[in-house]
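Have a look at the structure below, then the notes.
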Amino acid sequence: MPELPEVEVCRKGISPHVLNQTVSDVIVRNAKMRWPITPNIDEMCGEIIIEVSRRAKYLLLKTAKGTLVLHLGMSGTIRVIPKDTIVAKHDHFDLVLTSGVALRLNDPRRFGAVLWLTEDVSEHPLLARLGPEPLLDEFDKGYLFKKSRKKTVPIKTFIMNNHVVVGVGNIYANEALFQAGILPTAPAGKISQKRYNNLTEIIKQVLAKAINQGGTTLKDFTQTDGRPGYFAQSLQVYGRGGEKCLICETRLEEIRQSGRASVFCPTCQKN
DNA sequence: ATAGCAACCTGAGGGC
DNA sequence: TGCCCTCAGGTTGCTA
């Protein structure tokens, strides 16, 4: 389910329920995720969660002793529930709090991750080399232009690369490039400063709007309280291959780039 | 260094 | 009904 907006919606949803709460128990029903769930995760019991933050698509629950790192992969969801709620298929992990509430991770495909790290999280190999956060000022107008010089990779592959900028997944990459009028196949190194300025602004806008609307609900994504996100109705190209462009009525084309579907309008978008 | 893509999984949907 | 194929929000870590 998750691109950056969905993870941020999740962070906001769980935060009031877990911040300053004490962990009473951790329940691992299936440790086989992207990597095995950290065996020493029960060290978390008795700890107080002092910060609920996000870096890229990683959720970070910080305590005095260490940080719980959660990633939702392709199909993960986190619900806030009474701790005795009946367990469903693919409910792999619970973080139980003394308040009687639990965070429950459900992830059919198990591409997600649950890691208890006692070292400095920002130094961890998974997080150390990530690019800037797209919604912060560090992702500024000059950044993409400078970073892309001499790069031949297609622009869509470029903006989806975590080492370039984090959090831009397949849905929002398609949407942002459509709105910026740039073909997803355009070589990153050939795009002008001016168009990068525009693209940067659009990426920020698209992500911010999606967060405000509670994310995009496709198959199984819901907010932590079970409500759907409403950004799906704002999608202009994602999932619309073969349908008409909402601007010019040209038929939208669909291709595959690096194994991912790219949808674009051959009229509105240029190299 | 960089590009392409297999791999990790389950489930849904389409064609036959 | 069943089988086989393709596809899906991500990302690491191979192989060239």
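The chains referred to below are lettered A, B, ... by the order of the sequence lines, with proteins before strands, and numbering in each begins at 1.
Between Leu127(A) atom CG and dT12(C) atom P the separation is 9 Å, expressed in whole Å. As rounded to whole Å, 15 Å separates atom P of dG10(C) from atom CG of Leu59(A). In this structure, Lys156(A) places its NZ atom 12 Å from C1' of dG9(C), rounding to the nearest Å. Distance CZ (Arg256(A)) to P (dG10(C)): 13 Å, rounded to an integer number of Å. Rounded to whole Å, atom C1' of dT12(C) lies 15 Å from atom CZ of Arg109(A). Met74(A) has its CE atom 14 Å from the P atom of dT12(C), to the nearest Å. Rounded to an integer number of Å, the gap from Met160(A) CE to dT12(C) P is 13 Å. In this structure, CG of Asn30(A) is placed 12 Å from C1' of dT10(B), rounded to the nearest angstrom.
When the nucleotides dA8(C), dT12(C), dG11(B) are ranked by their closest atom to the side chain of Ala261(A), dA8(C) comes out on top. Minimum atom distance to the side chain of Trp35(A) is reached by dT12(C), of the listed dT12(C), dG9(C), dG11(B). Closest to the side chain of Tyr238(A), out of dT12(C), dA8(C), dG10(C), is dA8(C).
Using a 4.0 Å heavy-atom criterion, one finds that Thr152(A) contacts the sugar-phosphate atoms exclusively. Backbone-only contact: Tyr58(A) has heavy atoms under 4.0 Å from sugar-phosphate atoms and none from a base. Counting non-hydrogen atoms under 4.0 angstrom, Lys89(A) reaches the backbone sugars and phosphates but no base. Counting any heavy atom pair closer than 4.0 Å across all strands shown, Arg129(A) reaches no nucleic acid atom.
The shortest distance between the side-chain N/O atoms of Arg260(A) and the OP1/OP2 oxygens of dG10(C) is below 4.0 Å. For His71(A) and dG10(C), the shortest distance from a side-chain N or O to OP1 or OP2 is not below 4.0 Å. The phosphate of dT2(B) (OP1 or OP2) has no side-chain N or O of His163(A) nearer than 4.0 angstrom. When the side-chain nitrogen and oxygen atoms of Arg110(A) are compared with OP1 and OP2 of dG10(C), none of them lie within a distance under 4.0 Å. For the pair Lys151(A) and dT2(B), the criterion of a side-chain N or O lying under 4.0 Å from OP1 or OP2 is met. Here Lys57(A) reaches the OP1 or OP2 of dT11(C): one of its side-chain N or O atoms lies under 4.0 Å away.
Here dC9(B) sits opposite no nucleotide as a Watson-Crick or G-U wobble pair (both hydrogen-bonding atom distances under 3.5 Å). The nucleotide dG9(C) finds no pairing partner, because no Watson-Crick or G-U wobble arrangement with both distances shorter than 3.5 Å includes it.
Ion pairing between Arg55(A) and Glu133(A) holds under the 4.0 Å rule for side-chain N and carboxylate O. Ion pairing between Glu201(A) and Lys204(A) fails under the 4.0 Å rule for side-chain N and carboxylate O.
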Decide yes or no on side-chain hydrogen bond (donor to acceptor under 3.5 Å, both in side chains) for Asn40(A) and Thr38(A), but give the supporting numbers first.
CA-CA 6 Å; Asn40(A) 63 347; Thr38(A) 327; 4.9 Å; no

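Going from atom CG of Leu4(A) over to atom CD1 of Ile203(A) covers 11.5 Å, rounded to the nearest 0.5 Å. Interatomic distance, Ser24(A) OG to Lys83(A) NZ, rounded to the nearest 0.5 Å: 7.0 Å. Rounded to the nearest 0.5 Å, atoms CD1 (Ile211(A)) and CD (Glu6(A)) are 9.0 Å apart.
In this pair, Phe111(A) does not lay its aromatic ring on the base of dC9(B); centres under 5.5 Å and planes under 30 degrees do not both hold.
Between dC9(B) and dC14(C), the distance separating the two P atoms is 16 Å to the nearest Å.
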